[in-house]
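Lettering of chains follows the sequences in order, A, B, ..., and the numbering in each one begins at 1. Atoms considered below: every heavy atom in the structure, side chains included; atoms not considered: hydrogens, waters and symmetry mates.
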Amino acid sequence: MACVTVAAMKNDTFSPTSEAVSAVVNRQELNESQYLAVTTTAGPVLVIAGAGSGKTRTLVYRVAHLVESGVPPEAILLLTFTRKASQEMLWRAGRLLNENCSRVVGGTFHGIANMLLRRYGSHIGYGSSFSIIDRADAEGIVNLLKSSLGLGKLDKRFPSKRAVINMISGSVNRSIDLEGLVQDQYAHLSDHLEDILALAKAYHQFKFDHGLMDYDDLLVNWKRLLVEAPEVQQAVSERFAYIMVDEYQDTNLIQADIIRLAAHTHDNVMVVGDDSQSIYSFRGADFYNIMRFPKVFAGAKIIKLEENYRSTQPILSLTNDIIRNAAEKYTKTLFTSIEGDLRPMVFAARDERDEAAFIVRTIQQLLRKGVELSDIAVLFRSSFHSYKLELELGSDNLEYEKRGGLKLTESAHMKDMIAFLRVLVNPQDTLSWNRILLQLEKVGPATAQKISANIAGASDALEALKSYVPGKTWKDSYARLVRLFVELHGGNASPAALFEIALDYYQPVFERLYSDDFPKRQKDLDQLKSIMGGYEDLQSFIDDTTLDPPEESSRDGRGADRLILSTIHSSKGLEFEAVFIIGVADGRFPHASATFGEQWEEERRLLYVAATRAKKYLYLTYPRQMMTPDRQFRRVGMSPFLTELSGGLFEHINEQYGESGASFNFQSTAFSAPAGKKKSQVKKLEMTDFSMGCRVKHPFFGDGTVTKLSKSRSLDIHFDRHGLKTLHLDYAKLTIL
DNA sequence: GCGTATCGCGTTTTT
DNA sequence: CGCGATACGC
C-alpha cells in the first residue's frame with residue numbers, strides 16, 4: 001500500500017508557474033486566487049458552483065496539480081456520478097498535464113464499492129462470489145415474491161410497478177426505516193404496511209440467500225466495511241489520500257457517510273456541486289449533504305463559482321428566473337461575458353405531431369446556419385414523450401441517438417446471453433437460471449423455479465442440473481442444455497471463448513424466440529461479443545456491464561454526427577449549441593403525479609437543468625392538445641413553470657393564427673393576477689376549514705371540489721378543468737368559495 | 001395445475 | 001415494447 005507524503009500540499013506557497021496553470025488562467029476559466037484555493041488547499045474543500053461554471057474542471061485542475069506536485073496518481077480517488085464522466089475527466093487531466101493520468105483511481109461509488117468488496121468482503125462475512133443485479137432484476141425478484149407470498153392484489157394499490165422496488169430501496173438509501181417512508185410518502189398504502197414490510201424482508205432475504213447484491217447493497221456494505229472493519233478503514237483511508245467527488249448534490253446519506261469515514265485520516269476531501277441541480281431525490285439523493293458539508297468537515301474552505309462559461313445572457317436570465325422561485329437554495333447569481341442576444345423561444349404547437357414537425361423544421365434551419373447535428377439536443381421529462389418525434393425524424397432521415405429509457409443490456413436477448421455467463425460465475429443466481437430454463441419449450445415459470453431451486457440448494461450446480469429428471473416432452477432440449485454446461489465447465493476458456501460456446505447453443509433458441517425481428521437483434525449480440533474480447537476474466541465483464549451498460553452508439557461505427565434525444569436526467573453535465581425542451585405542458589412537466597412541496601421543487605430544478613444545457617439556442621415547446629388514455633383530445637396549457645416567469649424573458653413563436661383555447665385564457669389570468677385589485681389579507685387556512693365536497697379555488701387550476709382530506713396536511717381536489725390533484729395545504733394557494 | 005398464444009394497453013426520472 | 005389478462009389445450 002502506497003504511503004503518501006502530503007508535505008508538499010501542507011503549505012500554500014505553490015506558485016502557478018507551469019504552462020498548465022497559465023493556460024487555465026488565460027482562458028479565464030478561473031481567476032488566479034480561485035485556482036490557488038482549488039488546487040493548493042489541504043483538507044476539506046467545498047466548491048459550490050452554478051451551471052456551466054466549470055465545476056468538473058476544478059476537479060481536473062486539482063488532480064493535475066496534485067500529480068504535478070508529486071502525489072502518486074494511485075493515491076487519488078475520484079468519485080463521479082457516471083463512469084463516462086470519470087473517464088472524460090481523467091482524459092482532460094492527462095491533457096492538461098501532458099502525461100497519462102490513467103493511474104488515478106476513478107469511478108462511480110458503486111464501481112469502487114464493488115472493487116473494495118471483492119477485495120475486503122471477507123472482513124464482513126462476504127465471499128467474493130456475488131452477482132450485482134440491476135433494477136430490472138430487482139423488479140423480477142419482487143414479482144416472484146409477490147406471487148409466492150400471495151400479495152398479487154397489492155399491485156393495484158401501487159401507483160406503478162416500479163413504485164414497489166423504489167419504495168423498498170428508497171428506504172435503504174435514505175437510511176430511514178420503511179415504516180417511516182410509507183407514512184411519509186406513501187400514506188395511501190399505510191393500510192398495507194404489514195404486507196409491504198413482509199415483501200421488503202423477503203426481498204432482502206432472497207438476495208442474501210442467492211448471493212445477489214443490488215446497487216444499494218453495494219453502498220451499504222461499503223459503509224459496513226469502513227465501520228465494522230477498522231483495519232479496512234485504515235487501509236482504504238491511507239490508500240486514497242485524496243478523495244474528490246463530483247455532483248455532490250446527488251449523493252445520498254450513505255455516500256456522505258462513506259466519504260466521511262474514508263477520509264478520516266486526512267480530511268483531504270474536495271466536493272463540487274450545485275444545489276439547484278439536485279434532481280435525484282427519488283433515488284435517495286439528499287441535497288442537504290451539501291449544506292451540511294462545512295459542519296461535517298470542520299474548517300472546510302468554501303469556494304463559490306458564479307461566472308458561467310456556457311450560455312448567453314438571455315438564456316441565463318431565463319434560467320435564473322426559473323430557479324428564482326425555489327423554496328430553498330444557496331443563492332447564486334450567475335453572470336457571463338459571452339456575447340449573444342438571442343432570446344429563448346416558446347412554441348405552442350397544435351398537437352404532438354405539429355410539435356415534432358416544428359422541431360425538424362427548426363433543426364434544418366440550424367444546420368443551414370452551420371450548427372453541427374451532434375451539437376443539437378432534444379430533451380424531455382419522460383422517455384416516451386419523444387415517440388412522435390422519433391417517427392418524424394425517421395421519415396426525414398435525420399439520424400439520432402436516444403439516451404435514457406431502456407438500455408441495451410436491458411433488452412431480453414442481451415439478458416438471455418449474459419445469464420449463461422452469470423450462472424458460471426455465481427451458481428446461486430437463481431434469477432439467471434430461470435431465464436435460461438424458460439427458454440426451453442414446454443418449460444414455464446413453475447418448472448423453471450423448481451429446477452433452479454434444486455440447483456441453488458445443491459453444493460454442485462452442474463450435478464444438480466444433470467440429475468434433474470426432465471419431462472418427456474422436453475427431455476431432448478434439456479439434454480442439450482446439460483451438454484452446454486458440461487462444455488462450459490470444461491477447461492478454463494477465456495470469456496470470449498465461453499461466449500462462443502454459449503452463443504452456439506443460444507442461436508437456434510434465439511431465432512425461435514424472436515422470429516419476427518432477430519436479424520435486428522443479432523447485431524447487439526455481435527457487439528456484445530466484441531466487448532467480451534477485451535476482458536480477461538468473466539467476473540469483471542459481468543460487473544461492468546451491470547454497473548455501466550454499453551451504449552448503443554457503436555452500432556454503425558461511423559455516424560458520430562447524430563442528433564441527441566435524451567431524458568433530462570441523462571443529459572446532466574452535458575452542453576449543446578442548441579437545445580429543444582419538448583412537452584413543457586401542464587400535466588406533463590411537472591410530472592402529473594408530482595405533489596406540491598419537495599416534489600414540485602425538484603421538477604422545477606429539472607427544468608432548470610434542461611434549460612442550462614443550452615449555449616446559444618433554446619426552444620421550449622408544448623402541444624396545446626394531447627391524447628388522453630380514453631382516446632379523446634384534451635386541451636392543455638403550458639407548464640406552470642413557464643407561466644410564472646417574469647415577462648419578456650422569452651419570445652413566442654406564432655404559427656399561423658393563435659387559437660384562443662384554454663391555454664390562452666389560462667395565461668391571461670396568470671399574468672393579470674398580480675395587476676388586479678389588491679386582495680384583502682389572506683387568512684391562513686387550516687385543515688379544519690375544509691370538508692369533503694367543499695368548493696375551492698386555486699390560482700391556476702381554477703375551481704374544484706375537495707374529495708379527500710389526509711393526515712399529512714394534503715388534500716385531494718377534483719378540479720373542473722384539470723382533473724384530480726393532490727395539493728399540500730402549506731404550498732397551495734387555495735381559497736374557499 | 002401448468003404452459004402457451006394472443007390481444008390490448010400504458011408507460012417518471014436511474015447509478 | 002413489455003406486461004397482464006384471458007382463453008384454450010394438455
Rounded to whole angstrom units, what separation is found between the [atom1] atom of [X] and the [atom2] atom of [N]?
X	N	atom1	atom2	answer
Asp250(A)	dT15(B)	CG	C1'	10 Å
Phe109(A)	dT14(B)	CZ	C1'	16 Å
Met414(A)	dG2(C)	CE	P	13 Å
Ile582(A)	dT13(B)	CD1	C1'	15 Å
Arg283(A)	dT15(B)	CZ	C1'	5 Å
Phe384(A)	dT13(B)	CZ	P	8 Å
Leu391(A)	dC1(C)	CG	C1'	14 Å
Glu139(A)	dG2(C)	CD	P	13 Å

Mark yes or no for a side-chain to base donor-acceptor pair under 3.5 Å between His110(A) and dT15(B), with no hydrogen or angle criteria applied.
-> yes
Enumerate donor-acceptor pairs with a distance under 3.5 Å from any side-chain N or O in residues 472-480 of chain A to protein atoms, sequence neighbours excluded.
from: Ser477(A); atom 1: OG; to: Trp474(A); atom 2: O; distance (Å): 3.2
from: Tyr478(A); atom 1: OH; to: Leu465(A); atom 2: O; distance (Å): 2.7
from: Arg480(A); atom 1: NH2; to: Tyr505(A); atom 2: O; distance (Å): 2.6

Assign each of Gly444(A) and Ile279(A) to its nearest nucleotide of DNA chain B by heavy atoms, then name whichever residue's nucleotide is nearer the 5' end.
->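 Here Gly444(A) is the residue nearer the 5' end.
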Taking for Leu547(A) and for Lys442(A) the nucleotide of DNA chain B with the nearest heavy atom, the one nearer the 5' end belongs to Lys442(A)
Among side-chain atoms of Tyr126(A) and Asp217(A), is any donor-acceptor pair under 3.5 angstrom?
->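 Short answer, no.
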Distance only, no hydrogens: is a donor on one side chain within 3.5 Å (strictly under) of an acceptor on the other, for Gln249(A) and Glu247(A)?
->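 The criterion, which ignores hydrogens and geometry beyond distance, is satisfied for Glu247(A) and Gln249(A).
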Which of the following nucleotides, [options], is nearest to the side chain of [X]?
X	options	result
Ala446(A)	dT14(B), dC2(B), dT13(B)	dC2(B)
Ser383(A)	dT13(B), dT11(B), dT15(B)	dT13(B)
Arg381(A)	dT14(B), dT15(B), dT12(B)	dT12(B)

Report yes if a side-chain nitrogen or oxygen of Thr567(A) is closer than 4.0 Å to either non-bridging phosphate oxygen (OP1 or OP2) of dT14(B); otherwise report no.
-> yes
Return no unless some side-chain N or O of Ser411(A) is found under 4.0 Å from OP1 or OP2 of dC1(C).
->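 Checking Ser411(A) against dC1(C): no side-chain N or O falls below 4.0 Å of OP1 or OP2.
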Is the CZ atom of Arg353(A) crowded by more than 12 outside heavy atoms at less than 6.0 Å?
->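 Open: at most 12 neighbouring heavy atoms sit under 6.0 Å from CZ of Arg353(A).
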For Glu441(A), report the nucleic acid contact type (base, sugar-phosphate, nothing); a contact means any heavy atom under 4.0 Å.
->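 Here Glu441(A) touches the backbone only, sparing every base.
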Please map the stems of DNA chain B, keeping only stretches of three or more Watson-Crick or G-U wobble pairs with both distances under 3.5 angstrom.
-> B:1-10 with C:1-10
Does the distance from a Lys or Arg side-chain N to an Asp or Glu carboxylate O, for Asp134(A) and Lys415(A), drop under 4.0 Å?
-> yes
side-chain contact (heavy atoms from CB on, under 4.5 Å) with Leu513(A): which residues, sequence neighbours excluded?
->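 Residues passing side-chain contact (heavy atoms from CB on, under 4.5 Å) with Leu513(A): Asp416(A), Gln439(A), Val509(A).
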Base of dT12(B) and ring of His591(A) stacked, centres under 5.5 Å, planes under 30° = yes
Are Arg118(A) and Phe130(A) in a cation-pi setup, meaning NZ or CZ lies under 6.0 angstrom from the ring centre and within 45 degrees of the ring axis?
-> yes
